Novice: 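First the structure, which I've put down as structure tokens, then a few questions once you've had a look.
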Amino acid sequence: MLDLRTANARNAAILNAIPDLLFELDMDGRYIDYHSSRAEPLVDPVESCIGKTLADVLPPEAAEVCMSALRTALEQGTSTGKQFELRQPRGVSWFELSVSRKDTNAQQKPHFIVLSRDITERKEAEIRTARLAYFDTLTGLPNRQSFLEGIDREIRRALLGERKLAVLFMDLDGFKNVNDTMGHGAGDLVLRWSAERLGQGLRHSDLVSRAAPTESDVKLARLGGDEFAALVLDIARPEEAIFVAHRIGQLMRRPFTLNGRAVTLTTSIGIALYPDHGQDGSTLLKHADTAMYHAKKSGRDNAQLYSASLTEQAMQRMELDTSLRVALDRGEFHLLYQPQIEASTGCVHSVEALIRWKHPVRGMIQPLEFIPLAEENGLIEPIGQWALHTACTDAAQWNRAGNRVSVAVNLSPVQFRNPGLLQSVADVLEQTGLTPELLELEITESSLMENSAATIATLHALRDRGVR
């Protein structure tokens, strides 16, 4: 008798030490016994569960998961890893089942020992990890990876139904100015507002984005920076995608109000169609990006449909970019001088320095083709510095030879905005020995319009140094 009491005490201590919920169920899913060391029961009080079935106590989906685990344990002896969700007054909980078939005599129905472990914290951590992997933290939208997977899912569906879809690649025109003038906090706010507004421009039948990933979770995505993308489903003609793009453009033209100021942004949109412009998500997104760049070149605030010629242009531009990065080191630039002649004497009064690029394969490339590219990829500063130094060197030599000729050098708006411009000009004049009065800097009207206070201060400082 003492041994029995000792064994019972030991078994009770073991059961109380188990943090999981423990059931004994028969093959019908009926509660035979129930033990829990938790103060709060799973669903109903323990005594009310005995004699009831899983279907009586649990929601249908959870009951079916449990019954599936029992069937597996009947066939294989054990079942592990099956999970179910349970909505309780305190919130949603997740449980994982471990089931073992209990030894019984041949006349008795099979019984099962079931351990139900609360994995809510683990599940919430998995959801948080998934959000970091698949969603943009600023806007809550799907990110690039999530968007690409969504496109490929929809392509498989479109293939079965012989349907078309469109990918829209959108870039906010003028967003950099918001960050530069009003700060990144204001920029983040504009991005969140833009995400909401872009979503309003999509059709109701397009994919709907929710807080957790599902099979139809991608409609609008933030790809990074001020770039967004959207998926338009079940289109019959390209005009339908263009219509959506125009609707987005109209919504984006409405001003945002930041710190009492009206800020207006526009959107350049590129469109690629499945199956016409690509058979997978990566190709469609790349081609939509190419079309978006064409929209930028076409004056911004418009939508452009992809075509194969755009890819050819993009490849040429990429090759030009690669060549431009080594052109300065290889000495491929030179200056031409356009003279201004004194009519009465026929003497050259001044010259304007014009930069030219002799490409080793393509030959002479005009400034209108490579200067905008240099401004985009950050090469305009060293190229502009080379042009300034070379022009001043030549002008200084002419003047030392007795020919008093001034030289005019064009400045890119990027150069003019550089805080180091004044020091750079001073260094070049000192290094070349050119008199400041013989240097004239030419800037565009757009440079004068940007940040007028700083512009005026720079112009006054150049004039004080004697530069025209």
Side-chain angles (χ1 to χ4, degrees), residues 83 85 91-94 119-154 167-204 206-233 244-245 248-249 251-252 254-259 261 263-270 280-282 284-286 288-289 292-293 296:
Q83 300 175 1
E85 177 185 8
V92 176
S93 298
W94 280 87
I119 59 168
T120 304
E121 290 187 4
R122 190 180 88 193
K123 205 70 177 180
E124 290 174 346
E126 290 174 359
I127 292 173
R128 287 194 296 270
T129 301
R131 286 198 61 83
L132 291 174
Y134 285 95
F135 287 83
D136 171 53
T137 55
L138 177 64
T139 63
L141 292 174
N143 61 16
R144 179 184 292 268
Q145 180 61 35
S146 179
F147 186 70
L148 285 171
E149 291 180 10
I151 298 174
D152 288 333
R153 280 197 303 269
E154 291 303 325
V167 173
L168 274 59
F169 195 112
M170 298 166 284
D171 183 273
L172 304 183
D173 305 322
F175 175 75
K176 184 177 183 299
N177 289 335
V178 175
N179 269 343
D180 292 346
T181 59
M182 306 185 73
H184 289 278
D188 288 347
L189 188 58
V190 166
L191 288 174
R192 286 195 291 267
W193 288 347
S194 296
E196 295 174 4
R197 193 173 290 182
L198 289 170
Q200 295 171 12
L202 295 170
R203 302 182 313 184
H204 293 300
D206 300 336
L207 285 172
V208 177
S209 177
R210 289 182 285 277
T214 67
E215 283 300 307
S216 60
D217 241 353
V218 181
K219 171 180 69 172
L220 177 66
R222 183 186 175 210
L223 305 180
D226 60 343
E227 294 179 340
F228 294 83
L231 193 57
V232 184
L233 302 177
V244 174
I248 289 173
L251 286 169
M252 287 304 298
R254 289 162 37 195
F256 297 103
T257 302
L258 278 172
N259 301 326
R261 295 170 55 186
V263 176
T264 301
L265 298 178
T266 57
T267 311
S268 295
I269 303 175
D280 60 82
S282 295
L284 287 171
L285 193 61
K286 178 180 69 175
D289 186 9
M292 185 278 296
Y293 176 74
K296 289 276 190 188

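When a residue number appears, it is its place in the shown sequence, counting from 1. The figures that follow rest on heavy atoms only: side chains count, while hydrogens, waters and symmetry mates do not. For clarity, every value in this text was computed on a predicted model and none was experimentally measured.
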Novice: Which distance, rounded to the nearest 0.5 Å, do you find between the OG1 of Thr267 and the CE of Met170?
Specialist: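 Result: 8.0 Å between the selected atoms.
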Novice: Just so I know, are the side chains of Thr257 and Val263 near enough to count as touching, which here means a heavy-atom distance under 4.5 Å?
Specialist: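 Sidechains of Val263 and Thr257: no contact.
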Novice: State, with a plain yes or no, whether a side-chain heavy atom of Asn143 is found less than 4.5 Å away from one of Arg222.
Specialist: no
Novice: Taking atom CG of Asn259 and atom CG of Leu189, what is their separation to the nearest 0.5 Å?
Specialist: 9.0 Å
Novice: Of all the heavy-atom pairs spanning Leu191 and Asp226, show the shortest one and how long it is.
Specialist: CD2-CA, 3.9 Å
Novice: Would you check, one step at a time, whether the test salt bridge (Lys or Arg N to Asp or Glu O under 4.0 Å) holds for Arg192 with Asp188?
Specialist: CA-CA 6 Å; Arg192 286 195 291 267; Asp188 288 347; 5.4 Å; no
Novice: Would you mind reporting whether Ser194 and Leu172 have side-chain heavy atoms less than 4.5 Å apart?
Specialist: yes
Novice: Heavy atoms, side chains only, cut-off 4.5 Å: are Ile269 and Ile248 in contact?
Specialist: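 They are in side-chain contact.
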Novice: Taking the side chain as C-beta and beyond, is there a heavy-atom pair between Arg144 and Asp136 under 4.5 Å?
Specialist: no
Novice: Is a side-chain donor-acceptor pair under 3.5 Å present for Asp171 with Ser268?
Specialist: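 Looking only at side-chain atoms, Asp171 and Ser268 do not form any donor-acceptor pair under 3.5 Å.
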Novice: Distance under 6.0 Å and angle within 45° of the ring axis: does Arg197 meet both against Phe256?
Specialist: yes
Novice: Would you indicate whether the side-chain heavy atoms of Leu141 and Phe147 approach each other to under 4.5 Å?
Specialist: no
